[in-house]
Every structure is written in structure tokens, then in C-alpha cells.
There are 2 protein chains.
Amino acid sequence: MRQAAPTTTFMDTGHDHAHCLDEALDRAAALCADRGVRLTALRRRVLELVWGGHKPLGAYDILETLKAERRGAAPPTVYRALDFLRTHGLVHRIESQNSFVGCPDPNKPHGGQFLICRTCGLAAELNDSGVDQAIRKSAAKAGFSVGRPIIEIQGLCPHCRKKG
Amino acid sequence: MRQAAPTTTFMDTGHDHAHCLDEALDRAAALCADRGVRLTALRRRVLELVWGGHKPLGAYDILETLKAERRGAAPPTVYRALDFLRTHGLVHRIESQNSFVGCPDPNKPHGGQFLICRTCGLAAELNDSGVDQAIRKSAAKAGFSVGRPIIEIQGLCPHCRKKG
DNA sequence: GCTATAATGTTATAGTATAACACTTAAAAG
DNA sequence: CTTTTAAGTGTTATACTATAACATTATAGC
Ligand SMILES: [Zn+2]
Ligand SMILES: [Zn+2]
Ligand SMILES: [Zn+2]
Ligand SMILES: [Zn+2]
């Protein structure tokens, strides 16, 4: 019914991003159809902008672009679209940067685990079950019931490491 | 030279927090002396306010209290103090809440791992090496060099779980 | 088409953080 | 002890991030 999720490691700088983006939009359309919710033109456009690259984007960056395209785009325009997209797992918020990034696997519910390069700004979703289990184990020891884990690892991506 | 760090699990509601706070201030004074930096009255007071409880505090909450005590307290007053305290590991920022909390073990450099109760707001520092290792292992697989890991686990603390 | 609901437009405001420069205080040098 | 210098704080203004509230438009179901 749905194509396999793309790899979640750091994208090669030369990867076919047009294809990458097309697939993300297709996945979003399918997911919304499945759930009986509306991927309106605005929501689709915001998702497209967020997927413009693998670098998280600020809400006001998105707004700048929207303003050039729609009369009367304002902060609520973009925040409402982002809220919808986040509710359906199509977009994640990077808490440590007040920014937003597309999710490559919106059908599988998950809190976001991110690797974020401090040099080039690229973010890659990790989604590692070993990390998740270590957290659950450690939380259990403290008698804590885990809801939403937020994991944002700042560091250097393979590409920026080489150039170091 | 320095007393042992306090436990990092969820504080019992009835624990001796006056003592808990005193120790934190003593540790801070010792650390600043060691490093030859100044724990001024303002910085000490901000640290004291942050350690008012184990519930992270917003910068403007701190500012409200300061305003009642100092003529001309303004946002930079508190942000500068917080910057100093964070630089020396005395305070952590909770990225997902724009809030700040005292660190129980400022001498050991570490990124913060937090359990945060969504009901009562209490935060407990985890600092689990299993979690850290799982992250490093997973990041290494992606060729990523880990700098500062941010881990904020939202959920229910033991106390709120029982009442749930 | 008519009605109910969802989505968006629009204006205003709340909440978080920093820039820039003036002033004061405390350490360091002589 | 005085001068010099640097660090810390005061003060004003502003940037950046996010939401409230209400009006208007578009969509879906009847
Ligand atoms: Zn791509
Ligand atoms: Zn990079
Ligand atoms: Zn305490
Ligand atoms: Zn609780």
C-alpha cells in the first residue's frame, strides 16, 4: 500500500532530492486520504517548504516564502499548518532550535530522535530502538512512565567531519 | 573536597529541600572558587531562585521575583546570570519548555538527560551511562560525531502515576 | 441549494531572548 | 593607596517565536 520509508541516515549531498521530496508529498497525500483528513493546498505547500531540504526551517522562514505567494499570510497561517502536519506526524519540531523538519516515516508513530550537525545544520532522524530501550530501562528504574522522549544530538555529520 | 552529589531520582515531596538548596549553593560557591570566577550576589540569587524547587522555572518567572528585590531588574539581568550559571554547569536549560533547572552535579561535565513529569512539572536529572552509550553507538553507525546530546523525556513521575 | 463544520484571513498581543551602550564595581598593576 | 583595566550590571530598545480572538471563506453532507 505504501512504499518503504527512505533511509534515515545523513543524505548524500548529491542525492536526488526532487525524488525525495516527491515521495514525501505522496506519502503525505496517502496518509491524509487514509485518515480522512484534508491535505489542503496550504498545508501541502508548507510541507513542501519544510521538505525543501534536510535542514530544519524556522516558522518565520516559511512565512517569508508564503508571503510572496499568498495575500495575507501571517504567523497563524504557518503555525496552523505546522500544527496539522505535526499532529499527523508529517513534521517534527526541533525543540532546541525552534525549527521544523519533515519526517521520513510518518506512518510509524514515534518521538523524534535527531542527529543535528552544528556546522551545516542538516538533521537526520535516527529512530534507534537501542536508544529507546535504554531510555525506557533507565526511566523504569526511577519509576517513571515514559510518554514522549525528545532526543536531539548536536554534533558533526560525516561530511563536515571530513572537512573539519 | 566536595560532598557527594545528591541522588538524581525524583525527590520525595517531603524531602528536606532547605538542606538540598544549601548544598547546591555551597557546591556552586566551591566550584566558582576553584575556577577563579565570581559568584556575585546576583548570580547567587538567581541560582537560589532556580533551586527554589525541582521544577524548571522560566526566565521571566525569575525576573518577576528579582524585580521585587532590585531596582531595574530587566530581561538581560536574568539572562546574563543564567548564561553564567549554564556556562559553569550549575544550571541546565530545558529546551522543550524554555525553562531552567539547577544541576545537582555541576562538577561532572555532562549534557542533560531529564525526566519531566507532565502533571506536576517536576524534572529529575537522569545521567544514565547506558543511554549515553546507546546514543554514541547509534550515532557512530551513522558516522556522526556526538557533541552535546539533549534528552528530555516527558511522562509521569512515580508520584503522579499513583494518583493517575 | 442549505446548513453545519472546517479552514483560512486578519488584527492584535503574549512570551522568549538579545543588541547596544552607559554606568558601576571590583580586581590588578604600579 | 591610587591609577588603570576589566568584569559586571543597569537601561533602553528591539528581534524573534507563538498564540488569542473573531471575521470570513470554502468544503462536505444533507
Ligand atoms: Zn532529500
Ligand atoms: Zn554537517
Ligand atoms: Zn530539593
Ligand atoms: Zn509528577
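Heavy-atom basis, side chains included; hydrogens, waters and symmetry copies ignored. In what follows, chains are A, B, ... by sequence order, proteins preceding strands, each numbered from 1.
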**Study point:** Among B:V91, B:V37, B:L42, the one residue meeting side chain to side chain contact (heavy atoms under 4.5 Å, CB included) with B:F84
**Key:** B:V37
Exercise for review: Consider the side chain of B:N98, meaning its heavy atoms from C-beta on, and name the nucleotide among D:dG10, D:dT17, C:dT16 that approaches it most closely.
Suggested key: C:dT16
Study note, to complete from the structure: Closest to the side chain of A:R38, out of D:dT19, C:dA7, D:dA7, is C:dA7
Starting at atom [atom1] of [X], determine the distance to atom [atom2] of [N], rounded to an integer number of angstrom.
X: A:R80; N: D:dT25; atom1: CZ; atom2: P; answer: 15 Å
X: B:L42; N: D:dA7; atom1: CG; atom2: C1'; answer: 13 Å
X: A:R45; N: C:dA7; atom1: CZ; atom2: C1'; answer: 19 Å
X: A:D83; N: C:dA7; atom1: CG; atom2: C1'; answer: 13 Å
X: A:F84; N: C:dT5; atom1: CZ; atom2: C1'; answer: 15 Å

Exercise for review: Apply side chain to side chain donor-acceptor pair (under 3.5 Å) to B:R148 and list each qualifying residue two or more places apart in sequence or on a separate chain.
Suggested key: none
If only atom types and distance count, is the side chain of [X] paired as donor or acceptor with the main-chain N or O of [Y] below 3.5 Å?
X: A:R44; Y: A:L25; value: no
X: A:E152; Y: A:E95; value: yes
X: B:T77; Y: B:A74; value: yes
X: A:R161; Y: B:G143; value: yes

**Study point:** OP1 or OP2 of D:dA26 under 4.0 Å from side-chain N/O of A:T40
**Key:** no
Review point. When you check the phosphate oxygens OP1 and OP2 of D:dG8, does a side-chain N or O of B:R43 lie under 4.0 Å from one of them?
Key: yes
**Study point:** Apart from B:F114 itself, residues in the same hydrophobic cluster as defined by side-chain heavy atoms under 4.5 Å
**Key:** B:I94, B:V101, B:I116
Point to revise | Range-with-range stems for DNA chain C, at least three Watson-Crick or G-U pairs under 3.5 Å | key: C:1-30 with D:1-30
Review point. Quick one: ring-ring contact (aromatic ring centres under 6.0 Å, His included) pairs with a partner in residues 54-73 of chain A, sequence neighbours left out?
Key: A:H15-A:H54, A:H17-A:H54, A:W51-A:H54
Revision key, fill the gap. Across all chains, not counting sequence neighbours, the salt bridge (charged side-chain N to carboxylate O under 4.0 Å, His left out) partners of B:R43 are none
Exercise for review: Output the residues of residues 56-76 of chain B in contact with DNA chain C, where contact means a heavy atom of the residue under 4.0 Å from an atom of the strand; sort by number or write none.
Suggested key: B:Y60, B:P75, B:P76
